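Lettering follows sequence order; numbering is per chain, from 1. This one's a predicted model, so the numbers in the text were calculated from it and none came from an experiment.
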2 protein chains.
Amino acid sequence: MAQAIRFRQASSPLKASCHQCSLSNLCLPLAIPDNDLDRLEDIVQQGRIYNRGEHIFDQSTPFRSCFAVKSGSIKTSIISEGGEEQVTGFFMPGELVGLDSMSGESYASTAKALERTSVCEFPINKLEELTGKLPELQHHMYQLMGQEIQNSHQLAMLLSKNTAEERIASLLLSLSSRFQRRRMSGTNFSLPMARNDIANFLGLAVETVSRVFTRFQNQGIIRARGREVELLDVEALQLVTREFSRQGFQQ
Amino acid sequence: MAQAIRFRQASSPLKASCHQCSLSNLCLPLAIPDNDLDRLEDIVQQGRIYNRGEHIFDQSTPFRSCFAVKSGSIKTSIISEGGEEQVTGFFMPGELVGLDSMSGESYASTAKALERTSVCEFPINKLEELTGKLPELQHHMYQLMGQEIQNSHQLAMLLSKNTAEERIASLLLSLSSRFQRRRMSGTNFSLPMARNDIANFLGLAVETVSRVFTRFQNQGIIRARGREVELLDVEALQLVTREFSRQGFQQ
DNA sequence: CGTCCAAGTTGATGCAAGTCAAAGGACCAC
DNA sequence: GTGGTCCTTTGACTTGCATCAACTTGGACG
């Protein structure tokens with residue numbers, strides 16, 4: 001057992017190759033000129049593989065690293081003193097997890113693999129050091145964090161202003177476009193998360209999520225069997241998300 | 001008119017003195033060793049004074065600068081295509097506004113003075129350049145942005161899980177502790193924002209906010225006349241915010 | 001000092017979504 | 001196979017808060 005741990009520690013700082021990674025146009029390398037890419041590779045560690053349900057980190061873990069999803073997907077959530085969970089995001093390959101934790105000693109949230117998932121690990125002290133030397137990378141980090149704030153603000157807007165149907169339509173469209181950016185079908189995909197996670201993320205009850213799914217299905221907007229989803233009428237979905245705003249104007 | 005504008009531009013890069021600023025223990029200087037403080041002063045611009053209701057920036061303004069509140073207070077909000085507003089934050093002296101905009105060409109939100117307010121302006125290109133040279137400052141920026149993400153996640157949790165009473169109690173306690181950190185009374189203060197802003201921020205109707213205020217007042221927890229608020233029983237307020245979480249455990 | 005308009009309060013009513021309950025699936029272990 | 005567990009769906013009922021409407025307060029201003 002002690003040996004196993006030792007072995008893990010010793011083998012953990014395995015160098016990852018950003019040069020060969022297919023995600024280099026989505027992930028951090030995107031911000032770095034080719035000739036500096038080695039310097040990022042020098043600090044990246046090949047993370048291990050997590051099975052569905054395994055924690056990458058939780059709120060009691062000391063904050064050491066940010067993680068880029070390599071394959072699979074991750075959900076992050078915060079858990080209140082009382083044990084209440086709020087899902088704060090879903091992360092797909094190429095996306096960076098842990099940015100919200102940059103302000104403290106421990107992680108600010110909990111990250112859990114939604115399926116078999118592999119990650120790359122960026123030790124934060126080394127990453128900060130590097131961003132101090134590569135202005136483009138620093139700029140990119142600011143951009144990513146700014147984007148993260150915006151996402152969260154959008155979520156707040158969704159939660160406080162929109163109906164169940166609007167929230168779910170928004171999520172489906174968001175997932176769709178993110179799948180598409182990863183060269184996967186934007187109309188035919190498999191949800192990485194359970195209904196429960198969707199419900200929690202969107203501030204709804206599971207039953208409500210389920211009902212809206214069947215309602216959309218009956219309207220011929222989507223087709224859903226379990227986690228398999230097919231968007232049959234994207235425009236209709238977009239219309240649902242905007243319906244609310246429209247009311248402000250006409251009529 | 002043209003002259004006035006010229007005059008403004010010429011006089012605008014007025015140097016602010018961080019050395020003498022009373023907020024140096026809250027604001028950016030907090031992260032900088034004394035002997036480097038000059039370098040921050042070199043890039044800060046003394047911003048102008050805004051009257052209640054004036055915009056510091058909005059979503060159509062090209063993103064150039066972050067602003068530190070010097071006196072007064074600011075609310076930020078995002079406005080959807082349909083014109084729906086979601087208040088995303090209230091900012092007090094020493095706090096930095098505009099971090100959510102670090103990812104785009106234009107500001108991601110709109111900032112409005114809630115009262116007569118003065119600010120310091122940090123041009124973003126110069127700030128980035130400086131954080132590249134001062135690791136402590138870079139670290140602090142990451143911390144601030146991480147904190148901003150966390151705040152927003154907390155808001156999402158509040159919006160999706162908590163009752164009207166819990167939301168308002170949370171806001172009052174948050175304001176209280178922030179006033180206190182600024183050496184003002186934490187139990188006797190004047191709300192900088194209107195009921196409307198509170199309602200919007202917390203995802204409630206104005207009427208609900210009003211009702212909860214009077215309910216708290218009848219219970220002897222607070223005393224409120226207009227914007228003047230007195231917290232009579234802070235523990236009771238804390239209890240309200242935790243009531244919800246408790247239910248998860250006992251009984 | 002009265003006028004006016006925005007901001008705040010209070011009451012009555014309706015509805016979207018939560019809660020409770022129970023019945024299917026799907027998947028896994030044995 | 002068969003039993004168990006977890007996830008999802010569906011139905012019946014309940015409720016917190018929004019909405020609508022009317023009234024009050026307060027501050028700005030001529």
- prompt: Quick one: is the NZ or CZ of B/R195 closer than 6.0 Å to the six-membered ring centre of B/F213, and within 45° of its axis?
  reply: yes

message: C/dT10, OP1 or OP2 - any side-chain N/O from B/T214 closer than 4.0 Å?
response: yes

query: Using the C1' atoms of five pairs at each end, what's the angle between the two axes of the helix from C/dC1-D/dG30 to C/dC30-D/dG1, to 10 degrees?
result: 40°

- line: From CD of B/E207 across to C1' of C/dG14 the rounded distance in Å is 14 Å

- line: Here the distance between atom C1' of C/dT9 and atom CD of B/Q217, to the nearest Å, is 12 Å

task: Send over the distance from A/I198 CD1 to D/dT8 C1', rounded to a whole Å.
output: 11 Å

query: Rounded to the nearest Å, what distance is computed from the CG atom of residue B/N200 to the C1' atom of nucleotide D/dC17?
result: 16 Å

- prompt: Between atom CZ in B/R227 and atom P in C/dT9, what is the gap in whole Å?
  reply: 11 Å

message: Regarding B/K75 and B/E85, does a basic nitrogen lie under 4.0 Å from an acidic carboxylate oxygen?
response: yes

- prompt: Does the distance from a Lys or Arg side-chain N to an Asp or Glu carboxylate O, for B/K112 and B/E54, drop under 4.0 Å?
  reply: no

- prompt: Rounding to a whole Å, what distance do you find between B/N196:CG and C/dG8:P?
  reply: 7 Å

task: Figure out the NZ/P separation between A/K161 and D/dA18, and round it to whole Å.
output: 10 Å

- prompt: Any idea which heavy atoms bring A/S109 and A/I78 closest together, and the distance?
  reply: CB-CG2, 3.9 Å

task: Just call it for A/G53: base, sugar-phosphate, or nothing, with non-hydrogen atoms closer than 4.0 Å on any strand.
output: nothing

query: Just checking, A/R181 and A/F179: is the charged tip under 6.0 Å from the six-membered ring centre and within 45° of the axis?
result: no

message: Testing the basics here: between B/L159 and B/G203, what is the closest heavy-atom pair and its distance to 0.1 Å?
response: CD2-N, 3.7 Å

OP1 or OP2 of D/dA18 under 4.0 Å from side-chain N/O of B/T208: yes

- prompt: Quick one: A/R211 CZ to C/dT19 P, roughly how many Å, whole number?
  reply: 12 Å

message: How close do B/L23 and B/G94 get, counting heavy atoms only, and between which atoms?
response: CD1-N, 3.8 Å

